[in-house]
Amino acid sequence: MASSVRVRFAPSPTGFLHIGGLRTALYNYLFARHHGGTFILRIEDTDQARFVEDAEQDIIRSLEWSGIRIDEGPLHGGNYGPYRQSERKTFYQKAVEKLLAEGNAYYAFDTQEEIEVMRERLKASGNPSPAYDSITRQSMKNSLTLPQEEVERRLAEREPYVIRLKVPRRETIQFEDLIRGVVTFETKGLDDQVLLKSDGLPTYHLANVVDDHEMEITHVIRGEEWLSSAPKHILLYQYLGWKPPQMAHLPLIMSPSGGKLSKRKAEIEGIPVNTRDYIDQEYEPEALVNFLAYLGWSPGDDSEIHSLDELCQLFTLDRVSKGGAVFNHKKLLWYNEHYLREKSDDELYTRVLGLAAEKQIPGFDAEVLKNIIPLLKERVSKADDILEMGGFFFSDPEHYDAEALKKWSDETPDLIRAYKAAIEPLHEAEFSADKLKASLEETVAAQNVGMGKLMMPLRVCVSGQGFGPDLFPSLELLGREKVLHRLDLALSRLSGPGAS
RNA sequence: GCCGCGUUCGUCUAGGGGUCUAGGACGCCUCCCUUUCACGGAGGUAGCACGGGUUCGAAUCCCGUACGCGGUACCA
């Protein structure tokens with residue numbers, strides 16, 4: 001191969017890493033690995049107003065948690081640094097000088113207010129989306145309209161200015177997107193994009209093009225929200241005399257209610273939106289990765305489960321779909337359950353033990369936890385559910401699930417009492433699942449009722465819930481004393497006149 | 001509004017002119033297993049946005065319409 005693949009994930013450090021950002025990173029990573037290429041992290045910190053101090057760290061941690069290994073980046077070294085845009089100003093300056101010298105960019109001195117006035121004026125005369133473009137720039141204050149001396153005077157007096165791209169009036173820009181095919185734009189629809197802001201920092205468009213070129217990026221794989229600005233980038237490559245990289249614009253991840261999965265929408269719909277949330281909520285990284293990979297891509301066969309390594313093998317851009325993909329939380333949970341069950345009891349025990357320490361579980365006992373892991377692993381969605389569902393192993397139930405109590409009838413208390421009488425004579429050592437089950441069978445036979453009449457109420461008395469781990473092993477684990485106590489407790493709470 | 005992109009079961013998708021009476025997965029429903037809760041297993045439910053072409057033949061190609069989404073900032 002003439003030149004090896006180099007791709008980058010280029011987030012802005014404006015907050016926690018968004019789940020959509022993680023998928024973009026993942027696709028870049030899979031593509032790089034598939035081709036034996038290089039995966040680069042570049043921090044696009046050109047917006048000082050939105051800069052968040054800890055964001056970079058969160059991004060890196062989130063990627064690491066997901067299993068994505070960074071080959072080059074601010075903390076990972078590489079021969080194309082620095083990897084933060086705020087540290088690359090000279091590159092941008094050089095590019096701007098060339099654009100200026102060749103008449104493809106110009107100084108603009110208009111204040112925000114003046115631009116606003118222009119927009120209002122144009123709106124009033126029927127232009128719904130006024131832009132600073134090849135037409136309107138003629139009536140603004142810039143190096144195209146001002147006399148040379150005045151431009152120099154303003155610059156000498158350090159008047160604030162921006163550098164704008166001089167977009168040609170009538171040109172057709174075409175490029176081939178690896179996912180969408182040929183995309184065509186007319187330059188008349190483009191505005192004279194600001195390239196260098198008055199604070200001296202570049203905008204995304206300039207920085208992106210310059211860095212992708214300097215870092216020898218071969219493929220730009222990014223979200224569809226960038227498709228509309230791609231022609232501006234093509235123009236820049238052209239003016240700078242550079243060969244543009246291949247482009248691939250990914251379909252967006254959508255909210256179940258429609259529209260881009262924004263922080264706000266996701267919160268309303270109960271979908272965690274930051275990778276951080278998934279880490280904190282004890283999701284399995286393999287599950288998130290597998291799920292995200294399939295959100296907008298598929299290998300083309302009927303397979304659903306793949307490790308990160310397998311995904312690297314399978315991933316190709318031509319199998320990425322074009323339409324937006326709605327985030328399906330239940331499917332994620334399904335993936336999570338799958339990977340959870342693949343974990344060994346020991347590994348889970350260690351994980352959940354750590355969690356329990358943070359959560360302050362009343363009556364917590366590590367030995368008990370160890371015993372209940374195998375009982376609960378098969379019936380929870382997430383690792384931390386184990387503590388929730390198994391909470392009754394540590395302390396008496398506080399209340400009884402209303403749904404489960406629907407099966408509670410007038411004869412239930414007597415059945416419970418009968419069962420209690422049957423197991424009370426058992427010694428602690430005899431308090432085994434087998435014996436407890438046998439006792440229950442005898443009890444229902446003697447009372448001439450079905451087993452179900454007793455099992456569910458028993459479960460409720462002991463755990464407060466209508467669902468949960470296998471009943472008899474649970475009773476055994478709980479032990480004689482606690483079981484008898486809880487039966488009494490439930491009887492007094494549920495069979496009295498004020499029972500609920 | 002304008003520009004761009006998109007549209008196969010509720011959702012993620014397979015499908016790239018005949019093999020599609022459209023396949024898989026999640027969800028949901030039923031049954032089996034379990035006289036419990038689950039896991040697991042077996043079934044079922046449900047879809048080519050619409051209208052025109054092209055063609056012997058269209059989910060697949062073309063055009064239009066509708067709808068959705070993105071962009072339209074000195075934010076990325």
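What you are looking at is a predicted structure, and each value in this text was computed from that prediction instead of being measured. Proteins get letters first, then strands, A, B, ... in listed order; numbering begins at 1 in each.
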Rounded distance in Å between the [atom1] positions of [N] and [M]:
N     : M     : atom1 : answer
B:G16 : B:A58 : C1'   : 12 Å
B:U19 : B:U60 : C1'   : 14 Å
B:U8  : B:A14 : C1'   : 10 Å
B:U7  : B:G64 : P     : 16 Å
B:U45 : B:U11 : C1'   : 15 Å
B:C32 : B:G24 : C1'   : 23 Å
B:U13 : B:C56 : C1'   : 32 Å
B:C75 : B:A59 : P     : 50 Å

Could you please name the partner base of [N], counting Watson-Crick and G-U wobble pairs only when both distances are under 3.5 Å?
N     : result
B:G40 : B:C32
B:G71 : B:C2
B:A49 : B:U65
B:U60 : none
B:U19 : none
B:U54 : none

- Task: Establish, yes or no, whether the cationic atom of A:Arg164 lies under 6.0 Å from the six-membered ring centre of A:Tyr132 and within 45° of the ring axis.
- Result: yes
Can you check the [X] [atom1] to [N] [atom2] distance for me, whole Å?
X        : N     : atom1 : atom2 : value
A:Phe472 : B:U34 : CZ    : C1'   : 12 Å
A:Lys188 : B:G4  : NZ    : C1'   : 14 Å
A:Leu261 : B:C69 : CG    : C1'   : 13 Å
A:Gln465 : B:U36 : CD    : C1'   : 14 Å
A:Gln174 : B:C5  : CD    : P     : 10 Å
A:Ile386 : B:A38 : CD1   : C1'   : 13 Å
A:Lys377 : B:G40 : NZ    : P     : 13 Å
A:Asp177 : B:C5  : CG    : P     : 10 Å

Any side-chain heavy-atom pair from [X] and [Y] closer than 4.5 angstrom?
X        : Y        : result
A:Pro457 : A:Ile416 : yes
A:Leu22  : A:Leu63  : yes
A:Pro473 : A:Leu375 : yes

- Quick one: side chain to side chain donor-acceptor pair (under 3.5 Å) pairs with a partner in residues 450-474 of chain A, sequence neighbours left out? none
- Pairs involving residues 176-193 of chain A, ordered by first then second residue, that meet side chain to side chain donor-acceptor pair (under 3.5 Å) (sequence neighbours left out): A:Tyr106-A:Asp192, A:Arg137-A:Asp192, A:Thr172-A:Glu186, A:Gln174-A:Thr184, A:Asp177-A:His249, A:Asp191-A:Lys232, A:Gln193-A:Lys232
- Which comes earlier along RNA chain B counting from the 5' end, the contact point of A:Gly450 or that of A:Val182, where each point is its nearest nucleotide? A:Val182
- Message: Syn or anti for B:C12, given that syn means the glycosidic angle lies within 90° of 0?
- Response: anti
Counting the atoms with a prime plus P, OP1 and OP2 as sugar-phosphate, which does [X] contact under 4.0 Å by heavy atoms, base, sugar-phosphate, or nothing?
X        : answer
A:Gly466 : sugar-phosphate
A:Lys453 : nothing
A:Val183 : sugar-phosphate

- Task: Would you please classify the geometry between the A:Tyr294 ring and the A:His306 ring as parallel, tilted or perpendicular, with 30° and 60° separating the classes?
- Result: parallel
- Task: Evaluate the ring planes of A:His205 and A:His233, with Trp represented by its six-membered ring, and classify them as parallel (under 30°), tilted (30 to 60°) or perpendicular (over 60°).
- Result: tilted
- Are the aromatic rings of A:Phe291 and A:Phe327 close, with centres under 6.0 Å apart? yes
- Can the ring centroids of A:Trp297 and A:Phe315 be said to lie less than 6.0 angstrom from one another? yes
- Tell me which residues in residues 338-345 of chain A put a heavy atom below 4.0 Å from RNA chain B, sorted by number, or none. A:Arg341
- Applying salt bridge (charged side-chain N to carboxylate O under 4.0 Å, His left out) to A:Arg121 and not counting sequence neighbours gives none
- Knowing that exactly one of A:Tyr335, A:Tyr278, A:Tyr339 qualifies, which makes a ring-ring contact (aromatic ring centres under 6.0 Å, His included) with A:Tyr283? A:Tyr278
- What string of B, S and - do you get for nucleotides 12-27 of chain B, 5' to 3', when a contact is any protein heavy atom under 4.0 Å? BSSS--------BBBS
- Task: Could you encode protein contacts along nucleotides 70-76 of chain B as a string, one character per nucleotide from 5' to 3', using B for base contact, S for sugar-phosphate-only contact and - for no contact, with a heavy-atom cut-off of under 4.0 Å?
- Result: BS--BBB
- Hey, mind stepping through A:Tyr400 and A:Trp408 against ring pair (Phe, Tyr, Trp, His ring centres under 6.0 Å) and telling me if it holds? CA-CA 11 Å; A:Tyr400 302 90; A:Trp408 190 278; 7.9 Å; no
- Message: Rounded to the nearest 0.5 Å, what separates atom CD in A:Glu284 from atom CG in A:Leu332?
- Response: 11.0 Å
